[in-house]
Amino acid sequence: MGDAGDSRSLNQTDVSSSSYSSTIFTNYPLIASIVAFTIAQSTKFITFWYREKRWDLKLLIGSGGMPSSHSATVSTLAMAIGFQEGFGGSLFAAALILACIVMYDATGVRLQAGRQAEVLNQIVYELPAEHPLAESIPLRELLGHTPAQVVAGCLLGVVTAIIGHLITMTTSQS
């Protein structure tokens with residue numbers, strides 16, 4: 001423990017000035033992550049319209065597809081935290097580990113669950129009409145991502161964080 005006259009105790013930590021000077025509306029990692037998510041989801045929405053010539057509003061919030069909005073969001077968050085707080089800190093390390101887990105999960109468990117849903121839906125479709133499960137609601141099949149979709153989302157996230165960082169640097173110098 002410190003001296004009785006010492007104003008700092010062992011339980012207190014130094015907090016970076018950026019934590020106090022920003023609000024939720026100027027929080028660069030948060031805003032950059034939301035922008036990356038929005039770009040990824042909008043890309044799915046617009047490309048679907050281009051291919052199918054019809055709008056599907058579920059694509060604005062749904063999971064699966066190209067690019068991975070989950071990957072874009074968490075990679076933007078990790079990079080933005082790295083730019084803001086430093087790449088050597090524990091906050092960046094935590095964000096990076098979170099990003100890796102989310103991206104691994106997207107190509108692993110969620111992708112396999114989507115493939116199983118496809119098989120189950122086909123089985124239910126082929127059931128006779130009198131079977132109790134014949135009228136069941138189909139399972140969602142688009143849950144996970146291929147590795148290419150995850151990489152595309154990650155690259156989108158990194159680019160979004162870099163552009164956000166450049167904008168932040170430019171506006172802070174003004």
Side-chain angles (χ1 to χ4, degrees), residues 8 10-51 56-117 140-174:
R8 286 183 51 180
L10 291 177
N11 293 332
Q12 292 177 325
T13 58
D14 291 328
V15 178
S16 68
S17 60
S18 64
S19 298
Y20 289 114
S21 64
S22 68
T23 69
I24 196 166
F25 301 110
T26 59
N27 185 318
Y28 156 58
L30 176 64
I31 292 170
S33 297
I34 291 170
V35 167
F37 176 84
T38 303
I39 292 170
Q41 291 300 100
S42 298
T43 301
K44 294 177 201 180
F45 182 70
I46 292 168
T47 55
F48 180 83
W49 174 83
Y50 183 76
R51 280 192 330 265
D56 186 357
L57 293 176
K58 290 182 283 187
L59 291 172
L60 289 175
I61 57 169
S63 61
M66 171 70 96
S68 166
S69 57
H70 291 89
S71 298
T73 304
V74 294
S75 61
T76 301
L77 180 63
M79 288 295 293
I81 287 172
F83 283 130
Q84 184 171 301
E85 305 293 333
F87 290 97
S90 58
L91 191 56
F92 171 72
L96 180 62
I97 295 299
L98 171 70
C100 290
I101 290 169
V102 167
M103 290 187 275
Y104 177 79
D105 181 62
T107 59
V109 175
R110 287 180 40 228
L111 180 61
Q112 294 305 317
R115 289 181 177 161
Q116 289 176 3
R140 284 186 50 223
E141 296 176 4
L142 195 56
L143 299 173
H145 295 281
T146 64
Q149 293 169 338
V150 170
V151 169
C154 182
L155 290 174
L156 170 63
V158 169
V159 169
T160 303
I162 291 169
I163 291 170
H165 179 65
L166 294 173
I167 291 170
T168 302
M169 287 177 31
T170 304
T171 56
S172 67
Q173 292 174 358
S174 300

Spacing of [X] atom [atom1] and [Y] atom [atom2] [to the nearest 0.5 Å]:
{"X": "Asp105", "Y": "His70", "atom1": "CG", "atom2": "NE2", "answer": "9.0 Å"}
{"X": "Gln41", "Y": "Ile46", "atom1": "CD", "atom2": "CD1", "answer": "11.5 Å"}
{"X": "Tyr28", "Y": "Glu85", "atom1": "OH", "atom2": "CD", "answer": "11.0 Å"}
{"X": "Phe83", "Y": "Thr76", "atom1": "CZ", "atom2": "OG1", "answer": "10.5 Å"}

Go through the structure and list residues passing side chain to side chain contact (heavy atoms under 4.5 Å, CB included) with [X], not counting sequence neighbours.
{"X": "Leu166", "value": "Ile162"}
{"X": "Thr43", "value": "Ile39, Thr47, Pro67"}
{"X": "Ile163", "value": "Val159, Ile167"}

Would you name the heavy atoms of [X] and [Y] that are closest together and state the gap between them?
{"X": "Ala80", "Y": "Ala161", "answer": "N-CB, 4.0 Å"}
{"X": "Phe25", "Y": "Ile31", "answer": "O-CD1, 3.0 Å"}
{"X": "Gly157", "Y": "Ser75", "answer": "CA-OG, 3.3 Å"}

Checking Thr160 now: which residues fulfil side-chain hydrogen bond (donor to acceptor under 3.5 Å, both in side chains) with it, not counting sequence neighbours?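 Thr160 satisfies side-chain hydrogen bond (donor to acceptor under 3.5 Å, both in side chains) with no other residue.
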
Can you name the side-chain hydrogen bond (donor to acceptor under 3.5 Å, both in side chains) partners of Ser71, sequence neighbours left out?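 Partners of Ser71 under the side-chain hydrogen bond (donor to acceptor under 3.5 Å, both in side chains) test: Ser68.
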
Would you say Lys44 and Ser69 make side-chain contact, with heavy atoms under 4.5 Å? yes

Test of understanding: with ring pair (Phe, Tyr, Trp, His ring centres under 6.0 Å), list the residues that count as partners of Phe92, not counting sequence neighbours.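 With neighbours one apart ignored, the set is Phe87.
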
Only one of Asn27, Val74, Leu77 passes side-chain contact (heavy atoms from CB on, under 4.5 Å) with Ser33, and that residue is Leu77

